[in-house]
There are 2 protein chains.
Amino acid sequence: MAFLIGQRPFIKLYILHILDQRQSYGLEMISEVKRYLKEEGYTPPQSEIYRGLNELVTAGIIETTHRIKKDHNGSTGDFQEIILYKYTIDGRQKAEMFKREVKLELDRCIGMLKQARKDNFK
Amino acid sequence: MAFLIGQRPFIKLYILHILDQRQSYGLEMISEVKRYLKEEGYTPPQSEIYRGLNELVTAGIIETTHRIKKDHNGSTGDFQEIILYKYTIDGRQKAEMFKREVKLELDRCIGMLKQARKDNFK
DNA sequence: TAATGAACACGCTGTTCATGT
DNA sequence: ACATGAACAGCGTGTTCATTA
């Protein structure tokens, strides 16, 4: 049995949470996750988002709405290509299974850390 | 900033907790830690105890009461050598600093995981 | 057998670098 | 600059193996 939950599934959870509401892309999602967790004293590295996204694609949970151009830059007229992600047809269903597993892990970890606090402090 | 607290400091915390009460040795401590955490669904590997012990020795927090013989085996008359650990002179003081740091990490992790549960479930 | 710990392999993570728009 | 992701390096961890009493 592993010690604590890994960063990967943890971030995937947030990715799915974001995609529950709307399509999004890598850097936007990492920013949002950072916003969620900044107060908790944790800043996930950029790379983790992409790793998580690729794993979710491989798992058939999400897919890439292949390259779509975004708003152009007002001054330069540049177009920025991004990769949008969204659920596959049965993706939400698969995601529920994944979420359930992660929830179990999450609760186990919380219980463990609380126990450690109880055992070793106060 | 790292993601979650590592297994090493986590176990060291329990080692110190045990040594707060009495001297002990490797396998005995790992057994006790397992007892503490079994209900939480976590079984630390044996090796981690030794790694933690060595690090605490290096840090000058504990020291080894060099090899002491233990109870003999009733039937064979064998003697088993063990390595007892205890606090150094200023070990408890140093340990307090370490514990304080770990407590901060512990609380941070709990907060983070709770936040994730709040964000992604219920 | 109990006890210690070395040694190995591997996965995860953080940083940096490369590429393209 | 923004966006993606490959590539590299290093640490932590889990398992196995070796040694000794």
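The model shown is predicted, which means the values in this text are computed figures rather than measured ones.
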Using 4.0 Å as the upper bound for N to carboxylate O, is an ion pair formed by [Y] and [X]?
X       : Y       : value
B/Glu55 : B/Arg8  : yes
A/Arg22 : A/Glu32 : yes
A/Asp20 : A/Lys99 : yes

Nearest whole angstrom, please: distance from the [atom2] of [N] to the [atom1] of [X].
X        : N      : atom1 : atom2 : result
A/Arg8   : C/dG11 : CZ    : P     : 11 Å
B/Glu55  : D/dT13 : CD    : C1'   : 12 Å
A/Tyr85  : D/dA3  : OH    : C1'   : 11 Å
A/Ile82  : D/dA1  : CD1   : P     : 19 Å
B/Ile49  : D/dG14 : CD1   : P     : 13 Å
B/Leu27  : D/dT20 : CG    : C1'   : 14 Å
B/Glu105 : D/dG12 : CD    : P     : 13 Å
B/Leu4   : D/dT13 : CG    : C1'   : 15 Å

Nucleotide of [options] approaching [X] most closely (side-chain heavy atoms):
X       : options               : answer
A/Pro45 : D/dG5, C/dT15, D/dA21 : C/dT15
A/Arg51 : D/dT13, D/dA7, D/dA3  : D/dA7
A/Gln7  : D/dT15, C/dA3, C/dG14 : C/dG14
A/Tyr50 : D/dG14, C/dT13, D/dG5 : D/dG5
A/Ser47 : D/dG14, C/dA3, C/dG14 : C/dG14

Before giving the answer on side chain to side chain contact (heavy atoms under 4.5 Å, CB included), spell out for A/Arg100 and A/Lys103 the whole-Å C-alpha distance, their side-chain angles and the decisive distance to 0.1 Å.
CA-CA 5 Å; A/Arg100 231 173 293 141; A/Lys103 173 137 192 349; 5.7 Å; no

Near-ring test A/Tyr42/B/Phe3, centroid separation under 6.0 angstrom
yes

OP1 or OP2 of D/dT15 under 4.0 Å from side-chain N/O of B/Gln46
no

Phosphate contact (C/dT4 OP1 or OP2) by B/Tyr25 side-chain N/O below 4.0 Å
no

Go nucleotide by nucleotide along DNA chain D from the 5' end; which of B/Pro44 and A/Gly26 gets its closest nucleotide reached first?
A/Gly26

